[in-house]
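Data first, discussion second: the structure below is written as structure tokens.
Atoms within a ligand are numbered from 1 in the order they appear, just like the ligands themselves. Only heavy atoms go into these numbers, but all of them, side chains included; no hydrogens, no water, no symmetry mates. Remember, it's a predicted structure, so these values are computed and weren't measured experimentally.
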Amino acid sequence: MAIDFTLPPEVLEARDRIRAFMQSEVAPTEAHLREKNDLRAWRPALQELREKAKAEGLWAPHMPREWGGMGLRPLAMAFVSAECGRQQFGAYVLNCHAPDEGNMHTLLHWATPEQAERYLRPLVDGECRSCFALTEPEVACSDPTQLRTRAVKDGDGWVLNGHKWFISGARGAQFAILVAQTDPDADPPQARNSAFLVDCDDPGWQIVRDIETLAGRGNHCEIRIENVRVPESALLGERGQGHRLGQYRLGPARLAHCMRWIGNAETALDMLVKRALSRELHGGVLADKQGIQWMMSESALELYQAKLMVLHAAYLIENKLEFRNEVSMCKHHVANTLWKVIDRAVQVHGALGYSTDTDLPDMLKHARSARLVDGADEVHLSRIAQFVIDAVRETGTVRRATGGEALL
Ligand SMILES: Cc1cc2nc3c(=O)[nH]c(=O)nc-3n(C[C@H](O)[C@H](O)[C@H](O)COP(=O)(O)OP(=O)(O)OC[C@H]3O[C@@H](n4cnc5c(N)ncnc54)[C@H](O)[C@@H]3O)c2cc1C
């Protein structure tokens with residue numbers, strides 16, 4: 001029987017060590033910092049946690065050992081990321097947070113040895129941060145063939161001009177992976193874009209503002225790029241491969257988001273159930289009410305589906321099998337599960353759930369962005385539909401598009 005849900009001992013060990021670290025170090029520090037309510041205290045406290053994580057060998061779990069990471073593969077990372085997702089800064093403490101985590105994967109796969117030494121090494125070591133710059137205000141970036149940021153060949157280098165926004169982590173980033181049009185007339189249109197490594201201290205890289213969002217300012221910045229000159233060696237991957245690189249990056253990066261969201265949704269369900277068990281009314285507790293039980297059951301069902309879907313997609317990535325449809329399904333399902341479960345937890349907490357006396361409002365505000373980032377819901381739905389249609393046209397059945405031949 002090929003399917004075996006027994007976890008290999010090394011995956012169990014990594015999960016348990018990281019779970020213990022999150023419970024004994026990260027959770028109490030975060031709780032203390034929240035209580036103290038002093039923004040300046042966060043940075044040094046998180047830095048101290050990062051050093052502890054490194055000292056305990058819990059650093060950059062997704063990176064190979066030869067790069068200083070734990071060498072965990074996508075399936076093991078599913079467990080680790082869910083543990084991280086239970087704390088606000090869990091992934092950052094282990095240096096596997098977005099967007100650096102996705103950028104590390106991208107650099108590992110696409111960078112030349114010189115680029116890897118210059119950009120990947122300090123990123124894995126935690127000496128710098130990075131950002132990924134694709135989205136632009138002027139065009140619908142669900143269709144990145146329309147990008148207006150241009151890279152024009154000039155002598156032995158390139159000159160970049162353009163406008164980006166919602167670039168997460170841009171303030172404080174040392175470098176950006178920037179996607180720009182190099183070949184506006186290329187056919188197919190997917191060959192129009194190329195990716196560049198840009199140093200953020202270039203005077204032409206200008207942060208206009210940290211955009212105020214539903215969840216406050218989260219370092220999602222608007223950037224103007226004016227006459228930024230980069231050498232030919234700044235091209236990441238080949239000319240015209242920007243779209244492919246973006247797709248490659250988004251596969252595992254989307255899944256990593258899903259894994260963290262599962263941890264976050266489970267935290268919300270824990271809160272929902274604990275509140276329902278302790279809130280007394282009509283001679284019993286909220287948990288006795290069928291309406292509340294259904295919220296629990298629906299959340300548990302959705303989380304169970306989410307976990308199985310994520311594990312299957314991680315298995316596909318790990319074994320170098322086709323994964324795009326399954327990752328799209330995961331991204332859509334988990335982002336919506338996160339939103340629904342937190343919303344139900346708010347409901348069960350009553351007025352308390354609407355107050356900032358709990359973390360729920362904060363969790364809900366952040367969860368809303370999950371349905372937009374890394375492809376909006378509708379983009380994934382239309383892609384999934386295309387897989388279904390193609391499957392029927394080519395094979396006469398939807399089976400290939402509903403989890404593949406390896407499933408039922
Ligand atoms: C918190 C946050 C962080 C982000 N971080 C980054 C980052 O670090 N780097 C980066 O480059 N970008 C980032 N983004 C941008 C994000 O990836 C884009 O917002 C997203 O890809 C959608 O692009 P758009 O905003 O241009 O929306 P548009 O392309 O204008 O789409 C608008 C809406 O149209 C609908 N739509 C789109 N396509 C279809 C379709 N085929 N069928 C039906 N309906 C459709 C969807 O509802 C979509 O939400 C971030 C966004 C947020 C909110």
**OP:** Taking the six-membered ring of W158 (Phe, Tyr or Trp), confirm whether the NZ or CZ of R229 is under 6.0 Å from its centre and within 45° of its axis.
**Re:** no
Subject >> Among E378, H380, E136, closest by any non-hydrogen atom to atom 43 (C) of ligand 1 >> reply: E378
Subject >> ligand 1 atoms in contact with L372 (distance to a heavy atom under 4.0 Å) >> reply: 20 (C), 49 (O)
Original post:
Does some non-hydrogen atom of V139 fall short of 4.0 Å from ligand 1?
Top reply: yes
Original post:
Do G375 and ligand 1 have an N or O pair less than 3.5 Å apart?
Top reply: no
Subject >> Donor-acceptor side-chain pairing of R371 and N336 below 3.5 angstrom >> reply: yes
Subject >> Heteroatom distance test (L134, ligand 1): nitrogen or oxygen, under 3.5 angstrom >> reply: yes
Original post:
Do any nitrogen or oxygen atoms of C141 lie less than 3.5 angstrom from nitrogen or oxygen atoms of ligand 1?
Top reply: yes
Original post:
Within a distance of under 4.0 Å, is there any protein heavy atom near atom 49 (O) of ligand 1?
Top reply: yes
**OP:** Decide whether H333 and E302 meet the rule of one side-chain donor and one side-chain acceptor closer than 3.5 Å.
**Re:** no
Original post:
Which protein heavy atom lies closest to atom 51 (C) of ligand 1, and at what distance to 0.1 Å?
Top reply: V373 CG1, 3.7 Å
Subject >> For ligand 1, the portion of D377 having any non-hydrogen atom under 4.0 Å away >> reply: neither
Original post:
So, is S142 polar-close to ligand 1, with some N/O to N/O distance under 3.5 Å?
Top reply: yes
Subject >> Residues, nucleotides or ligands: over 12 heavy atoms within 6.0 Å of R244 CZ >> reply: no
**OP:** Just jot down the ligand 1 atoms closer than 4.0 angstrom to any heavy atom of A376, in number order.
**Re:** 46 (C), 48 (C), 49 (O)
Original post:
Does R19 reach the side chain of Q23, with side-chain heavy atoms less than 4.5 Å apart?
Top reply: yes
**OP:** Note the single closest protein heavy atom to atom 15 (C) of ligand 1, along with its residue, its atom name and the distance in Å.
**Re:** T135 OG1, 3.2 Å
**OP:** Can you pull out the closest protein heavy atom to atom 3 (C) of ligand 1? Residue, atom name and distance to 0.1 Å, please.
**Re:** S168 OG, 3.3 Å
**OP:** Taking all heavy atoms of A401 and all of A391, pick out the closest pair and write down the distance.
**Re:** CB-CB, 4.0 Å
Subject >> Closest contact, heavy atoms only, C141 versus L147 >> reply: SG-CD2, 4.0 Å
Subject >> Subset of ligand 1 atoms that lie under 4.0 Å from at least one heavy atom of F132 >> reply: 7 (C), 8 (O), 9 (N), 10 (C), 11 (O)
**OP:** Number the atoms of ligand 1 from 1 as they appear, then name those within less than 4.0 Å of a heavy atom of V379, with their elements.
**Re:** 37 (C), 38 (N)
Subject >> Closest to atom 41 (N) of ligand 1 (judged by heavy-atom distance), picking from S382, A98, A170, G169 >> reply: S382
Original post:
Does NZ or CZ of R50 fall inside the cone over Y92's six-membered ring, less than 6.0 Å from its centre and within 45° of the axis?
Top reply: yes
**OP:** Taking atom types as modelled, find out whether Q241 and S194 have a side-chain donor-acceptor pair closer than 3.5 angstrom.
**Re:** no
Subject >> atom 6 (C) of ligand 1: nearest protein contact (heavy atom, Å) >> reply: F166 O, 2.6 Å
**OP:** Would you check if there is a donor-acceptor pair between the side chains of H163 and E138 at a distance under 3.5 Å?
**Re:** yes
Original post:
Checking salt bridge (Lys or Arg N to Asp or Glu O under 4.0 Å) for the pair D187/R192: CA distance, chi angles, key distance, verdict?
Top reply: CA-CA 8 Å; D187 188 20; R192 289 176 188 165; over 6 Å; no
